[in-house]
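To keep things clear, I will list the structure first and then write my remarks on it.
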Amino acid sequence: MSLLDKVNNKNIPQHVAIIMDGNGRWAKARDLERSEGHREGIETIEKVVDACTQANVKYLTIYAFSVENWLRPEDEVNTLMDLLVYFITKETPKLLKNGIRLQTIGETERLPERTRNALYKCMEETASGEKLTLVVALSYSSRWELTKAAKDIAADVKNGVLDGNSITEETINNYLATKNMPDVDLLIRTGGEIRISNFMLWQASYAELYFTDTYWPDFDEECLYEAILYFQKKERRFGKISEQLEKENQ
Ligand code: FPP
C-alpha cells in the first residue's frame with residue numbers, strides 16, 4: 001500500500017518547494033565522489049516529480065543551485081551544470097508526455113551557455129503543460145530576488161510607470177521571479193539541517209515547514225506523501241484563530 005492512499009485529495013498543497021540537501025553526505029557515507037551524490041539526486045527529482053503529478057500538486061519548486069553555490073570548487077560547479085543539461089535532455093520527452101511545464105527562477109544569465117540553451121529550449125517546448133509546473137531555482141537566492149525587485153520598483157517609480165504610494169503586497173509579488181505563481185504551501189528540507197538558506201523567504205511566509213534527516217538521494221515518492229500527510233494535519237490559520245476558521249468552513 002502506498003501512503004498516497006491516505007492523502008486527502010481535497011487538501012493538497014498547491015505549491016511544494018524543496019531544499020534538496022545531503023547529496024554530498026550521502027556520497028561520503030558510501031566512499032563515493034560528491035558528484036555521485038548529485039547524480040543520484042537526479043533520480044530522486046524524477047521520483048518526486050512523478051509523485052507530485054500523482055498527488056495533483058500544481059507547482060513544485062526545487063532549489064538546484066543557490067547564488068552561494070557559485071563559491072563551491074569549480075569542478076563541482078561544472079559537474080552540477082553538466083548534470084542539469086543531462087537532466088533536462090533526459091527529462092524533456094517525459095515532461096512533454098505528462099503535461100509538465102518547466103520554468104526557472106534565478107540569475108540564469110550567469111549559467112554557462114550550454115546549460116542556458118538546454119534550459120530555454122526545454123522551457124519553450126514544455127510551455128503549454130498544465131498538469132504541473134516544475135520550477136528549477138538556479139543561481140537563486142531570496143535576497144538577490146528581493147534586491148532586484150527593489151531596484152526594478154525604484155526604476156519604475158522614477159520613470160512614472162508606478163506610483164510609489166500605491167505599492168501593495170501584490171505589487172511586490174509582481175516584481176518577484178515567482179510572479180504569477182501561488183505562495184508556497186509546503187516547504188521541505190532534506191538532509192537534517194533546520195534552516196531556510198535564503199530560499200523563497202517572501203513566498204514561504206505562511207508555508208508549513210517540514211524537515212527530514214533523510215538525505216536527498218534517499219528521499220522518494222513515499223517520503224513526499226509523508227510530508228503531504230504532515231501538511232494535512234496542520235491547521236493553517238493565517239493569523240486568525242481556530243473558531244473563526246470553523247465558522248468560515250461551515
Ligand atoms: C545539496 O547537496 C544539493 C545541491 C547543492 C544541489 C541539488 C542538486 C541536485 C539534486 C542534483 C543536480 C540536479 C540538477 C537539476 C542540477 P550538498 O552537496 O549540499 O550535500 P551536503 O550538504 O551533504 O554536502
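Order of appearance sets the numbers: ligands from 1, and atoms from 1 within every ligand. Count residues from 1 along the sequence.
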Specify the protein heavy atom at minimum distance from [atom]: its residue, its atom name, and the distance to 0.1 Å.
| atom | answer |
| --- | --- |
| atom 15 (C) of ligand 1 | Leu84 CD1, 3.4 Å |
| atom 20 (O) of ligand 1 | Gly24 N, 3.0 Å |
| atom 24 (O) of ligand 1 | Arg34 NH1, 3.1 Å |
| atom 11 (C) of ligand 1 | His38 O, 3.4 Å |
| atom 1 (C) of ligand 1 | Met20 O, 3.1 Å |
| atom 22 (O) of ligand 1 | Asp21 OD1, 2.9 Å |

Applying a strict 4.0 Å limit to heavy atoms, is Val136 in contact with ligand 1?
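It does not; every heavy atom stays at 4.0 Å or beyond.
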Please verify whether a non-hydrogen atom of Ala64 lies at under 4.0 Å from ligand 1.
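Distance cut 4.0 Å: Ala64 passes for ligand 1.
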Option nearest atom 13 (C) of ligand 1 (shortest heavy-atom distance, choices Ile45, Leu83, Leu134, Thr79):
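Comparing heavy atoms across Ile45, Leu83, Leu134, Thr79, the nearest one to atom 13 (C) of ligand 1 lies in Ile45.
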Check each of Asn69, Val85, Leu80, Asn23 against atom 12 (C) of ligand 1 and report the one with the nearest heavy atom.
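Shortest heavy-atom distance from atom 12 (C) of ligand 1: Leu80.
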Ligand 1 versus Trp216, non-hydrogen atoms closer than 4.0 Å: side chain, backbone, both, neither?
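Trp216 to ligand 1: side-chain contact only, backbone stays beyond 4.0 Å.
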Determine whether the side chain, the backbone, both or neither of Arg72 has a heavy atom under 4.0 Å from any heavy atom of ligand 1.
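Contact part for Arg72 vs ligand 1: side chain (C-beta onward).
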Is a side-chain donor or acceptor of [X] paired with a backbone partner of [Y] at a separation under 3.5 angstrom?
| X | Y | value |
| --- | --- | --- |
| Asp163 | Asn165 | yes |
| Ser139 | Val67 | no |
| Gln232 | Asn8 | yes |
| Arg116 | Leu111 | yes |

Regarding Glu235 and Ser242, is there a side-chain donor-to-acceptor distance under 3.5 Å anywhere?
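There is such a pair between these side chains.
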Output the distance between atom CZ (Phe211) and atom CG (Asp21), rounded to the nearest 0.5 Å.
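Answer for the CZ-CG pair, Phe211 versus Asp21, is 11.0 Å.
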Kindly assign one of parallel, tilted or perpendicular to the pair Tyr63 and Tyr140, based on the angle between their ring planes and the thresholds 30° and 60°.
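Judged by the thresholds at 30° and 60°, the geometry between Tyr63 and Tyr140 is perpendicular.
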Could you walk me through whether Gln103 and Val136 satisfy the side chain to side chain contact (heavy atoms under 4.5 Å, CB included) test, starting with their C-alpha distance in whole Å, then the side-chain angles of each, then the deciding distance to 0.1 Å, before giving a yes or no?
CA-CA 6 Å; Gln103 291 197 341; Val136 187; over 6 Å; no
